[in-house]
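Computed from a prediction, not measured in an experiment: that's the story for all the values here.
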Amino acid sequence: MKKYGLIIIAGFCLAVLFFGHLHWKNISQAAGVEAREAAAKEKEKEKVERDALIRSLKPENNKQQPLIDYLHYKSLTQDRVIVSLVGSNGATGTGASNSSNSWARRLEKSLRADRDDLETLSFINHGHEGYSTEDLIKGKKIEAVIQDDPDLIIFENSLINNHYQSLSLEQTKKDLESIMTKLQKELPNAKILIISPSPVANGKTKNSLGLNYLDYIHASEQVINTNKWTYMNSKEGIEKKLKEKNMRLADILTNDNIHPNDQGHYIWFEVIQEYFKL
């Protein structure tokens, strides 16, 4: 009897283990189904939110859209977002102790950090030290920008070198119109931001034509305003920042009194960063 009792107990234990295993298996399967359903719902929710974000950022629905929102929209609707820079010393970062301290590199880093979706953002720099607007055309820099097929072009108007090389105001305006006409024709879907160079210490010094730096800025602005091109006056923006910070122009220039130092590039970056969010 004792032997049979042990067998019965053993059988009972096995049955408990077997049916317990089936029970927990069913529970696990149910939990797995619930987890997959929850994941699917979360994925669908993310898709709905993403689609809503894309619609809200669509340029056609935002005529006065900040540039950062425009780039964000592009990042959500295509694999790569390209910003092409063209110009002279300002674009190349002359005066900065290293390229990472230039306003352009700071801007690229800031844009990526500001929006997670802008990780695919890429800056391509076609700036060239010492180039005037005429040099940009002759040096095929505009063609190089076109080859990038960029979403945004930042064109630093090479007015410091135009003044230094004594190009006429007529030639300066003609070059600006030629550059913009070519970019707009070949890249009709790209946005173009024209920026003036930074302030210089000898802004009222006259060249061999009797013209100063401000004459070139004003002549260019006439053409820009007539054509209603997108424009940011870097010189005025930087001077405003200097006043707010109680700083002198000399504090942000290198020894040549023309090109911005690291501090100057940082202030220039601040000006452009704020413009991108307007």
Side-chain angles (χ1 to χ4, degrees), residues 32-87 91 102-126 142-157 179-196 224-234 237 241 268-278:
V33 170
E34 289 179 2
R36 287 192 294 272
E37 289 177 349
K41 287 180 180 179
E42 183 63 27
K43 189 173 182 180
E44 179 61 25
K45 180 183 175 183
E46 290 176 357
K47 183 180 182 302
V48 170
E49 290 176 348
R50 181 184 176 89
D51 290 343
L53 179 59
I54 290 173
R55 286 194 300 273
S56 70
L57 293 173
K58 194 172 183 179
E60 289 82 355
N61 302 331
N62 299 276
K63 299 302 180 182
Q64 302 298 321
Q65 185 179 47
L67 286 175
I68 190 171
D69 285 350
Y70 166 74
L71 294 176
H72 193 181
Y73 171 80
K74 288 293 182 179
S75 72
L76 292 168
T77 56
Q78 57 194 44
D79 294 333
R80 293 181 65 202
V81 181
I82 297 175
V83 176
S84 292
L85 279 69
V86 65
S102 68
W103 67 260
R105 289 293 291 274
R106 287 185 181 277
L107 179 63
E108 180 180 9
K109 184 178 179 180
S110 172
L111 290 171
R112 285 179 180 163
D114 200 59
R115 304 282 177 91
D116 291 338
D117 295 310
L118 282 175
E119 290 180 356
T120 59
L121 179 71
S122 176
F123 272 45
I124 303 176
N125 200 323
H126 297 286
I142 309 309
E143 285 79 1
V145 170
I146 293 169
Q147 286 296 314
D148 294 340
D149 191 20
D151 301 291
L152 171 67
I153 302 160
I154 301 177
F155 169 30
E156 181 236 346
N157 202 4
I179 290 169
M180 288 298 292
T181 298
K182 191 158 194 173
L183 289 174
Q184 289 177 324
K185 179 182 177 182
E186 299 296 331
L187 300 167
N189 297 320
K191 284 186 178 290
I192 306 172
L193 170 63
I194 305 171
I195 66 174
S196 75
I224 291 167
N225 292 334
T226 298
N227 289 279
K228 298 181 179 179
W229 292 328
T230 306
Y231 173 68
M232 188 196 82
N233 189 320
S234 301
K241 284 283 184 186
W268 198 348
F269 151 70
E270 286 184 316
V271 171
I272 298 180
Q273 181 191 42
E274 290 175 6
Y275 183 89
F276 264 64
K277 296 180 180 180
L278 291 176

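- Side chain of N157 to backbone of I194: no donor-acceptor contact under 3.5 angstrom is found.
- For the atom pair CE (M232) and CD1 (I224), the distance works out to 11.5 Å, reported to the nearest 0.5 Å.
- Residues satisfying the side-chain hydrogen bond (donor to acceptor under 3.5 Å, both in side chains) criterion with S84, sequence neighbours excluded, are D148.
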**Message:** Please determine whether side-chain contact (heavy atoms from CB on, under 4.5 Å) holds for the pair F276 and L71, giving the CA-CA distance in whole Å, both sets of side-chain angles, and the decisive distance to 0.1 Å.
**Reply:** CA-CA 10 Å; F276 264 64; L71 294 176; 3.9 Å; yes
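- For K182, the salt bridge (Lys or Arg N to Asp or Glu O under 4.0 Å) test picks out E143, with sequence neighbours left out.
- With hydrogens and angles ignored, the 3.5 Å screen pairs no side-chain donor or acceptor of E156 with any backbone N or O of L85.
- Taken from OH in Y231 to CG in L193, the straight-line distance is 10.0 Å, to the nearest 0.5 Å.
- Side-chain contact between Y275 and I195 is absent, with no heavy atoms from C-beta onward closer than 4.5 Å.
- Of all heavy-atom pairs spanning I154 and W103, the tightest one is CG2-CH2, 4.0 Å.
- Atoms CG and CZ, from L76 and R55 in turn, are 12.5 Å apart once rounded to the nearest 0.5 Å.
- Side-chain contact between V145 and F155 is absent, with no heavy atoms from C-beta onward closer than 4.5 Å.
- Separating the CD1 atom in I153 from the CG atom in L183 is a distance of 4.5 Å, to the nearest 0.5 Å.
- To the nearest 0.5 angstrom, E60 atom CD is 9.0 Å from Q65 atom CD.
- Annotation for P150 and L187: closest pair CD-CD1, 3.8 Å, computed over non-hydrogen atoms.
- No side-chain donor-acceptor contact under 3.5 Å links N233 to the backbone of S196.
- Residues N62 and Y73 are not in side-chain contact: their nearest non-hydrogen atoms beyond the backbone lie 4.5 Å or more apart.
- Residue Q64 places its CD atom among 12 or fewer non-hydrogen atoms of other residues, nucleotides or ligands, all under 6.0 Å distant.
- Only one option out of L67, I82, V81 pairs with L152 in a side-chain contact (heavy atoms from CB on, under 4.5 Å); it is L67.
- With rounding to the nearest 0.5 Å, the separation of CD1 in I142 from CE in M180 is 10.0 Å.
- The shortest heavy-atom contact between A190 and Y70 is CA-OH, 4.3 Å.
- Here the closest heavy-atom approach between residue W268 and residue S234 is recorded as NE1-OG, 3.0 Å.
- By the ring-ring contact (aromatic ring centres under 6.0 Å, His included) test, F269 pairs with Y266, sequence neighbours left out.
- Among pairs with a residue in residues 109-120, those fulfilling side chain to side chain donor-acceptor pair (under 3.5 Å) read D69-R115, H72-R115, H72-D117, E108-R112, S110-Q273, at least two apart in sequence or across chains.
- E274 meets the salt bridge (Lys or Arg N to Asp or Glu O under 4.0 Å) test with K241; sequence neighbours excluded.
- Taking the side-chain hydrogen bond (donor to acceptor under 3.5 Å, both in side chains) definition, one finds that Q78 meets it with D151, sequence neighbours left out.
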